[in-house]
Every structure is written in C-alpha cells, then in structure tokens.
Amino acid sequence: MEIRKPKGTNDILPEEVRKWHAIEKTAMELSDVYGYQEIRTPIFEHTELFVRGVGETTDIVGKEMYTFEDKGNRSITLRPEGTASVCRAFVENKLYGDNQVHKLYYMGPMFRYERPQKGRYKQFHQYGVELLGSNHPVTDAEIISFATELLKKMGLIDLELQINTVGCPVCKPVYRQVLIDFFSEYKEGLCPTCNERMEKNPLRILDCKNKECIEIAKEAPSMTEHVCEDCGPHYESVKGYLDAADVDYTENPRLVRGLDYYTNTAFEIIAKDFAAQGTVCGGGRYNGLVGSIGGKDVPGIGFAMGMERIILLLSEKNIFKDSKKILDYYIIALGELEEIPAFALLKKLRDHSYFAEIDYTGKNFKNKLKYADKSGAKSVIIIGENERKNKTVMIKNMETGQQEEIDLQLFINNLKEER
RNA sequence: GUGGGUGUGGCGAAGUGGUUAACGCACCGGAUUGUGACUCCGGCAUUCGUGGGUUCAAGUCCCAUCACUCACCCCA
C-alpha cells in the first residue's frame with residue numbers, strides 16, 4: 001500500500017513555493033516598515049498553555065487540538081494558534097522588563113484537528129503579529145491598518161474589514177448577562193448548539209449561522225449599548241484613528257471572535273467573494289491574556305492571517321506572475337572524453353553566477369539537444385571531439401538556432417567581463 | 001461529529017449491461033552518421049479505488065469499505 005500524506009496536510013511543490021516566497025517576502029518587508037521583529041517559538045507547547053490561554057470553552061481547545069503524551073507523560077499540544085505561544089515567550093524571557101512596547105511577528109505552521117475543506121487544513125500556516133505593552137487605542141488602529149495594508153500589498157482586493165468591540169472584564173460579564181436574559185425568552189427558537197452556548201459563551205449566539213438564530217439575534221441588544229466608560233471611548237477612539245489613516249471599515253456588532261482571550265477591539269478581514277472560508281485575517285485585543293498565563297498584567301493586541309487562504313485567493317485572481325528562473329546555459333558533452341572539460345566549464349559558469357546545467361540523461365546527441373530544448377535554456381554549449389581538440393566550444397542560440405564555435409579561453413574571459 | 005459529490009493509464013477525459021476500454025496532453029522509440037522545436041510513423045490501462053453480490057455477460061446495476069473533495073459546526 002502506498003503511503004500517503006495525512007488528511008488535511010499538504011505538500012507544497014516548488015511551483016507553489018514560489019507563491020509562498022512572494023507573500024512571505026511582502027510580509028517581512030512590511031513588518032520592517034511597521035517595526036515588527038520576528039520571533040520563533042516552538043511548534044509544540046504544554047497543553048496547559050492553550051487551555052489557559054485560548055480558553056476551555058472554545059472549539060479549539062474543546063475539540064480541535066492535536067494533543068498527545070510524550071515519553072515523560074507530559075501533555076503536549078501542537079500549537080493551534082500563535083498568540084498564546086508568543087505571550088508565553090514574552091513572559092518567560094521577561095521581555096516586559098524594559099517596560100517598552102514590543103512588536104513581534106511570527107510565521108509558521110499551526111495545527112487543528114478538524115475536517116479539512118477548501119481553505120481549511122489540519123496543518124495550515126499563519127503570519128501573525130502581536131503588539132505587547134500598550135493599551136493605547138492608537139495601537140489598535142496601527143495593528144488594523146497594518147493588516148489591511150499588508151493584504152493590499154500582497155495583491156488582495158475586494159476585502160472587507162469588520163470591526164467590533166467585545167468589552168472588557170468590567171462590561172463583558174454585564175453584557176453577557178443581558179444576552180442570557182434576552183435569549184432565554186427565545187430558547188425554543190434557538191438551535192441546540194446555541195442553547196449550549198447560552199451557558200458557555202452566549203456571545204457566540206450572535207455569530208450563529210442558523211437562520212432562526214440569526215433572526216432572533218438581530219433583535220438582541222448590542223455590545224455597543226453596554227460598553228463601560230473605558231471601553232466605549234476606547235472603541236470610539238480607535239475608529240477615529242482608523243478614519244485618520246483612511247482605513248475603510250464596517251462595524252459589525254455581531255462580530256464575535258472564537259477565542260476567549262479577546263477584549264475590546266475585535267476585527268476580521270473577509271474576502272467578499274470567497275463564501276465558505278472567507279476570513280483571511282482575524283485579530284483583536286487581549287488585555288488579560290499575558291496575566292492569565294502567569295505574567296504581569298500586560299495588554300496586547302494582534303492578528304493572524306491564513307497564508308493558504310491568501311494564496312488561494314491570489315491564485316484564483318491570477319495575481320502571481322511566473323517567476324521561474326530561465327536557464328542561461330545547458331552544456332552538452334558529446335562523448336566521455338568531453339565530460340571532464342564540460343564539467344569544468346559548468347563550474348566556471350556557476351562561479352560567475354550564471355544559471356547553468358549539464359546534460360545528465362541524454363543518450364545520443366539528438367536526445368541531449370531535445371532535453372536542452374525542454375530545459376528552456378537560452379543557449380546550449382556543445383563540446384564534442386572537434387571542440388575538445390580545438391580547445392573551443394560551440395555556442396548554440398536555441399531561439400534562433402544559430403551557432404558559433406569560439407575559443408574556450410576567450411569564452412571564459414568574456415564571462416568575467418560580463419559580470 | 002453530520003450531510004452531499006466523486007473515484008477509468010503520469011495528467012485531463014469519453015464510456016448510461018454485451019465483441020479488442022475512445023480521445024487529448026505528457027512520456028518513450030523511429031524517420032541512418034554531431035543538431036532541438038514543427039511534421040510524419042509507431043508504442044504506452046489483461047483493466048476501470050478495494051472487496052463482495054446480481055447476471056449468460058459489469059467500468060457500467062446493488063451492497064459494503066476505503067480514499068479524495070465540498071459543505072455544516074468552527075475558524076486562518
């Protein structure tokens with residue numbers, strides 16, 4: 001039986017990797033401009049980190065974690081998201097010690113145990129940023145505008161930025177109770193999962209896709225009516241900064257993020273014409289998170305974007321141009337005696353940064369030329385008995401078909417002059 | 001976890017119970033000597049995901065199973 005890749009994982013073939021390089025490059029370059037530095041954390045962590053950080057009531061912790069016991073009977077989990085790890089590293093390495101704002105980004109694989117489908121995999125990749133150490137609303141706006149700008153730079157269009165405020169430890173519980181009171185009236189009409197949500201996380205009822213639930217939720221009181229005196233102005237202020245930076249946004253009072261740690265500002269960036277897995281980027285503020293995993297109470301905000309989804313969207317729109325490298329020279333040695341000087345020449349070409357290959361496979365000359373043609377090389381260098389004896393090379397232009405025998409040493413000397 | 005769709009050579013794809021399983025691309029060989037592309041000729045699935053069943057006869061019907069895929073939940 002042939003061994004196949006585990007469901008929900010992907011081999012990223014060379015042609016595809018070029019696309020990854022393109023968006024990774026854009027991400028890294030813009031990170032520099034915005035002042036974010038890369039951080040690399042382990043791909044697995046103690047399970048406890050995610051349970052405490054992401055939250056026990058979330059789907060991620062409840063049913064989507066890749067958890068196993070290692071040989072020392074420790075419970076280990078493949079990271080399902082990046083924020084908890086970054087915060088852990090922030091605390092563990094005492095980065096808070098200098099009392100400065102820390103701006104970090106990360107890129108890499110995440111793991112969630114769920115049924116794969118278009119734009120959703122068990123192993124997927126995120127680029128994410130975290131800004132730790134400030135609760136100033138301008139940082140909310142910075143993070144959001146960075147996210148929108150980055151997607152734009154990558155080439156995505158037709159995106160919608162949705163923002164909301166989900167409250168803080170002061171007003172969230174109050175609003176939560178308001179929602180419970182409201183939805184209790186409609187228990188019958190709500191779907192079974194929403195009835196469960198009533199106890200675990202009533203905010204998520206607002207986000208339910210079920211038709212009846214949507215109808216009921218339309219009438220539900222919104223967070224904005226219940227924010228406390230800190231959160232209200234904070235949210236207003238964030239919007240003011242966004243306006244100042246010309247960032248277009250839509251307010252969505254029913255936007256609820258699936259992770260427990262979010263406070264205040266929450267946002268998502270959605271691809272309009274990508275129905276199923278339209279969320280390309282999601283983020284928000286998480287002021288209690290660092291404290292909850294054992295650090296001092298440092299506020300934070302960040303976002304994560306799904307690389308596969310970005311690539312999917314860009315590919316559908318044919319954004320990627322063909323960046324395949326064109327072969328400068330393809331060297332053909334006609335006989336065994338010619339192979340040594342041919343290989344020596346190959347090295348010379350590469351020493352001068354030419355993209356060159358030598359024929360490994362061809363049987364007869366005709367065949368070798370055919371491979372040369374297939375390789376897409378601009379020119380072919382032929383070394384046969386005559387050339388060997390004359391100390392020359394035959395340079396054939398594959399486009400015009402014209403060829404010219406020139407002195408080997410002269411050819412090499414010209415290489416030096418050209419580059 | 002739940003529901004739908006699909007499974008024919010490396011890829012795409014005909015075939016809707018009856019002789020040798022179309023075709024296109026790719027690939028391989030040839031059209032004699034050290035010249036590719038274009039053209040021409042030839043080759044390339046004892047077998048239709050797997051296992052069972054119905055039938056005189058199955059890629060075509062039935063059942064099971066596996067795989068892939070899409071959607072729901074949820075999310076990136």
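FYI, side chains are in, hydrogens and waters are out, and symmetry mates aren't considered; it's all heavy atoms of this structure. Everything quoted here is computed from the prediction, not taken from an experiment. So that the names make sense, note that chain A is the first sequence line, chain B the second, and so on, each numbered from 1.
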Is the closest basic N to carboxylate O distance between [X] and [Y] below 4.0 Å?
| X | Y | answer |
| --- | --- | --- |
| Glu387(A) | Lys389(A) | no |
| Glu45(A) | Arg88(A) | yes |
| Asp351(A) | Lys347(A) | yes |
| Arg204(A) | Asp59(A) | yes |

In whole Å, measure the gap between the [atom1] atoms of [N] and [M] for me.
| N | M | atom1 | value |
| --- | --- | --- | --- |
| C28(B) | G10(B) | C1' | 13 Å |
| A31(B) | C38(B) | C1' | 14 Å |
| G36(B) | U50(B) | C1' | 45 Å |
| G1(B) | U65(B) | P | 14 Å |
| C23(B) | G43(B) | P | 11 Å |
| G53(B) | A13(B) | P | 32 Å |
| A37(B) | A21(B) | P | 33 Å |
| G30(B) | C70(B) | P | 43 Å |

Rounded off to whole Å, could you give me the [atom1]-to-[atom2] distance for the [X] and [N] pair?
| X | N | atom1 | atom2 | result |
| --- | --- | --- | --- | --- |
| Lys63(A) | C72(B) | NZ | P | 13 Å |
| Met65(A) | A76(B) | CE | P | 15 Å |
| Gln403(A) | U35(B) | CD | C1' | 7 Å |
| Met398(A) | U35(B) | CE | C1' | 9 Å |
| Leu13(A) | G10(B) | CG | C1' | 13 Å |
| Glu405(A) | U35(B) | CD | P | 15 Å |
| Tyr113(A) | G1(B) | OH | P | 7 Å |
| Ile395(A) | G36(B) | CD1 | P | 18 Å |

Heavy atoms only, 4.0 Å cut-off, all strands: where does [X] land among base, sugar-phosphate and nothing?
| X | value |
| --- | --- |
| Gly128(A) | nothing |
| Arg204(A) | sugar-phosphate |
| Ile382(A) | base |
| Met110(A) | nothing |
| Glu81(A) | nothing |
| Ala372(A) | nothing |

Compare the minimum distances between each of [options] and the side chain of [X], then state the nucleotide with the smallest one.
| X | options | answer |
| --- | --- | --- |
| Phe124(A) | U2(B), U35(B), A76(B) | A76(B) |
| Phe365(A) | U35(B), A71(B), C73(B) | U35(B) |
| Glu385(A) | C73(B), G36(B), G34(B) | G34(B) |
| Arg112(A) | G1(B), A76(B), C68(B) | A76(B) |
| Arg4(A) | A76(B), A67(B), C70(B) | A67(B) |
| Lys396(A) | U35(B), G34(B), A71(B) | U35(B) |

Establish, from distance only, whether the side-chain atoms of [X] and [Y] form a donor-acceptor pair under 3.5 Å.
| X | Y | answer |
| --- | --- | --- |
| Asp140(A) | Tyr241(A) | no |
| Glu404(A) | Gln402(A) | no |
| Asp328(A) | Ser379(A) | no |
| Gln123(A) | Thr9(A) | no |
| Gln403(A) | Asn397(A) | no |
| Tyr36(A) | Glu130(A) | no |
| Glu251(A) | Tyr235(A) | yes |

List, with names and distances, any nitrogen or oxygen atoms from the protein found under 3.5 Å away from nitrogen or oxygen atoms belonging to nucleotides 39-44 of chain B.
none

Let me have the donor-acceptor pairs involving side chains of residues 333-343 of chain A, under 3.5 Å, with sequence neighbours excluded, atom names and distances please.
from, atom 1, to, atom 2, distance (Å)
Glu338(A), OE1, Gly335(A), N, 2.7
Glu338(A), OE2, Arg388(A), NH1, 2.3

Distance-only donor-acceptor test (3.5 Å): side chain Glu114(A), base A76(B):
yes
Look at the side chain of Glu387(A) and the base of G34(B), then say whether one donor and one acceptor between them are separated by less than 3.5 Å.
yes
By side chain to side chain contact (heavy atoms under 4.5 Å, CB included), Arg74(A) pairs with (sequence neighbours left out) His46(A), Asp70(A), Ile76(A)
For Ile43(A), what residues pass the side chain to side chain contact (heavy atoms under 4.5 Å, CB included) criterion, not counting sequence neighbours?
Arg79(A), Pro109(A), Phe111(A)
Side-chain N,O (Lys7(A)) to OP1/OP2 (C68(B)) below 4.0 Å
yes
Could you tell me whether the phosphate oxygens of A71(B), OP1 or OP2, come under 4.0 Å of any side-chain nitrogen or oxygen in Gln117(A)?
yes
Let me know, please, whether Ile383(A) or His125(A) comes out on the 5' side of the other along RNA chain B by nearest nucleotide.
Ile383(A)
5' priority, RNA chain B, between Arg309(A) and Thr400(A) [closest heavy atom]
Thr400(A)
As a test of your reading of the structure, name each stem of RNA chain B as range with range, where a stem is three or more consecutive Watson-Crick or G-U pairs at under 3.5 Å.
B:1-7 with B:66-72, B:10-12 with B:23-25, B:27-31 with B:39-43, B:49-53 with B:61-65
Find out whether the Lys NZ or Arg CZ of Lys122(A) is both under 6.0 angstrom from the six-membered ring centre of Tyr113(A) and within 45° of the ring's axis.
yes
Just the table, please: protein N/O against nucleotides 28-32 of chain B N/O, every pair under 3.5 Å.
from, atom 1, to, atom 2, distance (Å)
C28(B), OP1, Tyr371(A), OH, 3.2
G29(B), OP1, Lys363(A), NZ, 2.8

